[in-house]
Each structure stands twice: as structure tokens, then as C-alpha cells.
Number of protein chains: 2
Amino acid sequence: MNKNQAFPWDHPRFRSWIGVARACQLMQQAVTRAIADLGIKPPHLDILVNLYRFDGISQQELARKLLVGRSNMSMLLPQLEKRDLILRKADAKDKRVLRLSLTKAGRSLTEQAMVIQTGLIDRILSQTPEDRCLQVAESMEDIIRILQTMDADEVAEDA
Amino acid sequence: MNKNQAFPWDHPRFRSWIGVARACQLMQQAVTRAIADLGIKPPHLDILVNLYRFDGISQQELARKLLVGRSNMSMLLPQLEKRDLILRKADAKDKRVLRLSLTKAGRSLTEQAMVIQTGLIDRILSQTPEDRCLQVAESMEDIIRILQTMDADEVAEDA
DNA sequence: TGATTTTTGTTCATCGTTGTACTTTATTGT
DNA sequence: ACAATAAAGTACAACGATGAACAAAAATCA
């Protein structure tokens, strides 16, 4: 009777998750404002950071990492290409895939953006001791694993 | 030199926050699928749960709680009203505000949805001990507080 | 009281995301 | 080798969120 509260908001795990969701929403808004001066928005930043880290990735792989659809990449990447921030080169072995990479300008912009983003994260987590951060990271890894296996289950059910 | 890593993804707080963001994104998708059978989506659920908890709230207050714009409420609430899930009654004292409340059907639907949502959260946090959840909740409260004061600062700067 | 400013809610144009259908290229199976 | 299937990327229509401009009502203040 202790864990089955009358209302969700009296439920510790529920309250905890609501807090996570709110923090994310606010953080998203803060990031949006923080990088607005660079002329990019969070979706662009996510792309750029991933290209910075994984040079030569394909659109498909990028979409999977970002948890969005392929069509989303097909909309956003040409924009960044036209701004000369990224390059899309057809793969020699497989003519279907486009290999993505940052231009010099793109790399430079990404570095500026990452400084801003990291600064923001540092500021926001300043009240949270580092070991607490690591614990949070661990918990999130668990959650992500469970959610991903849930997705796999549902796909399996469909078959 | 220990805390100033070369790359953001070697930075503990950065990795930690990326995990939080990914977990949120996946959770959002899971909730969307879980409540689809009820004919509602996360934004509707957020509204319904808040009306369940705060009967008679105004559209403005609701928008503030949900961290969205007023116009968003002006778009969504009429939909729910047409489906007879909520009621909008003009306030007697202040003719500008509309007092929101759930209908019987709305309350019933909300209860079903909350069961689903709470079940999902329980499942997802099943690997996370309850004291760990409370720690996460604490950290999130800190973060939310900081982000909100940052917003206030920026507004102040504009003045 | 009367003028100005705030507040509440709405409307609308704009932008971003999604899912579906489609084309082109690889892979698989026979 | 050839047909069928799968995968990568694109185009487009539909939906949702946002912010600015607006109308009505209330609060402020002179």
C-alpha cells in the first residue's frame, strides 16, 4: 500500500520523471536562445555535433542517432549544405549513400556552438556534484536501454 | 586540467545531460504510442492531468504550467471541448478568463491515461532504486530552478 | 472619472516534424 | 543471371507549435 498511491503526483517515480521532462523542456528553450546568435537551432546543432564526432557518417546513420526520421535529414541537411557548413559526397562503393562531413566553416561554427552548449550545461549542473551527475547518467542509460528494448518488442509484435 | 576536457563528449556533465535528453525523447515516443488507443497525444494528456489536479484553472495558468504559449492552449482546448472532455466557463468576476474543468468523460479518460502513464514510468524506472529516483528528482529541481532564474535574468536584461 | 497600460484569450501566417509514397541502387534467393 | 526484396535518400501533404498582431476586459494612475 505504500507504493500504490492514490494519485500519480504522490508517486515518487512519477514526480521524479515529471521533473526530468520539465528540466529537458526548459533546457531546450535555453539552448535555443543561447545558440540563436550563431544562426542555428537545436536540430542543426545536434547534426553538426554528430558530424564533428562521426565524420563520414551517412544520413541514415545520423537519423538513427538523433532518433528522427530519414525525411527529417533530407529536409535539414540541404539547408546546411547551402550554407556551406557541411559536405555531402556520394559514396564510391554504394551509390545510394551520401557521406556527410563538416566544411572548415562548419567545424569552426560547431566548435563555437559546443563551447556555448558545454558552458550552459556546466552552469545548469553547477549545483549537482559530479558523482551525482554520474549516477544520473547511469540511471538514464538504464532507462534508455529499457525503452529501446520496448521498441524492439513492439516491432516484434507487429511481425 | 581534469575538468576541461578536449571534447564535450569526454565531459562527464555533458554526457550526463545528453543521456537525460535521449531518455526524454524516447520516453515521449513511448508515451505517444501507449496512449494512442485513447485517442489522445502527449499535449492533450498534459492538459487533462493538470485539469484533473487543478480544477478551475485558467488557460493562462495552464499554459504557464506546461511551459507553452497561450496560443497553444487556444488551439488545443477547443478540440478537447468539442470532444466533451473539458468545459470552459467564463469567470463571473473577470470576464476575460475562462475557467477550465473536466467533464465526467474527461475525468474518466484522464484516469485511464494516468494508469497507463504511471505503469510506463514504473516499468522504465524499475531498474532505478527509489532513493536514486529521489536523488534524480532533487537534481532536476535544482536544474529547473537555475533555468528559471536564467529566464528571469534575460527578461530583466531586455528591460 | 478618464486615459493609459496590462492581462486574457483568439487568429493567422510561418516554420519544423512526421509518415507515406516514390526512385534509385544493392542484396538476396533461385 | 534474373527476379524479388531491402535499403538510402527525396518529395510532399498533413499536423502541431510558435510568435505577432489583434479585440475585449480589467487595473492603474493622474
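Here is the naming used below: chain letters follow the sequence lines, and residue numbers restart at 1 for every chain. Please read these numbers as outputs of a predicted model, since none were measured by experiment. Every heavy atom of this structure was used, including side-chain atoms; hydrogens, water molecules and symmetry mates were not.
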Nearest-Å distance, CD1 (B/Ile57) to P (C/dT8)? 12 Å

Enumerate the side chain to side chain donor-acceptor pair (under 3.5 Å) contacts for residues 108-118 of chain B, please, sequence neighbours excluded, ordered by first and then second residue. B/Tyr52-B/Glu111

Taking side chain to side chain contact (heavy atoms under 4.5 Å, CB included) as the criterion, tell me which of A/Ile121, A/Asp122, A/Leu125 meets it with B/Phe14. A/Ile121

With sugar-phosphate meaning primed atoms plus P, OP1 and OP2, does A/Arg88 contact a base, only sugar-phosphate, or nothing at under 4.0 Å between heavy atoms? sugar-phosphate

Pairwise salt bridge (charged side-chain N to carboxylate O under 4.0 Å, His left out) hits with a residue in residues 35-44 of chain A, at least two apart: none

Kindly point out which of D/dC15, D/dT10, C/dT10 is positioned nearest to the side chain of B/Leu98? C/dT10

How would you list all residue pairs meeting salt bridge (charged side-chain N to carboxylate O under 4.0 Å, His left out) that involve residues 42-60 of chain A, not counting sequence neighbours? none

Verify the distance criterion only: is there a donor paired with an acceptor across the side chains of A/Gln127 and B/Arg145 at less than 3.5 Å? no

Specify the angle, to 10°, made by the local axes at the two ends of the helix from C/dT1-D/dA30 to C/dT30-D/dA1 when five pairs are taken at each end. 30°

Can you give one letter per nucleotide of nucleotides 17-29 of chain C, 5' to 3': B if a protein heavy atom sits under 4.0 Å from the base, S if only from the sugar-phosphate, - if neither? BBBB----BS---

For A/Arg99, enumerate each residue passing the salt bridge (charged side-chain N to carboxylate O under 4.0 Å, His left out) test, keeping only those at least two apart in sequence or located in another chain. A/Glu61, A/Asp91

How close or far is atom P of C/dC15 from atom NE2 of A/His44, stated in whole angstroms? 12 Å

Is the distance from OP1 or OP2 of D/dA8 to the nearest side-chain N or O of A/Gln60 less than 4.0 Å? yes

Check whether any side-chain N or O of A/Gln59 sits under 4.0 Å from OP1 or OP2 of D/dT10, and answer yes or no. yes

Within this structure, what is the CD-to-C1' distance between A/Gln25 and D/dG16, rounded to whole angstrom? 14 Å

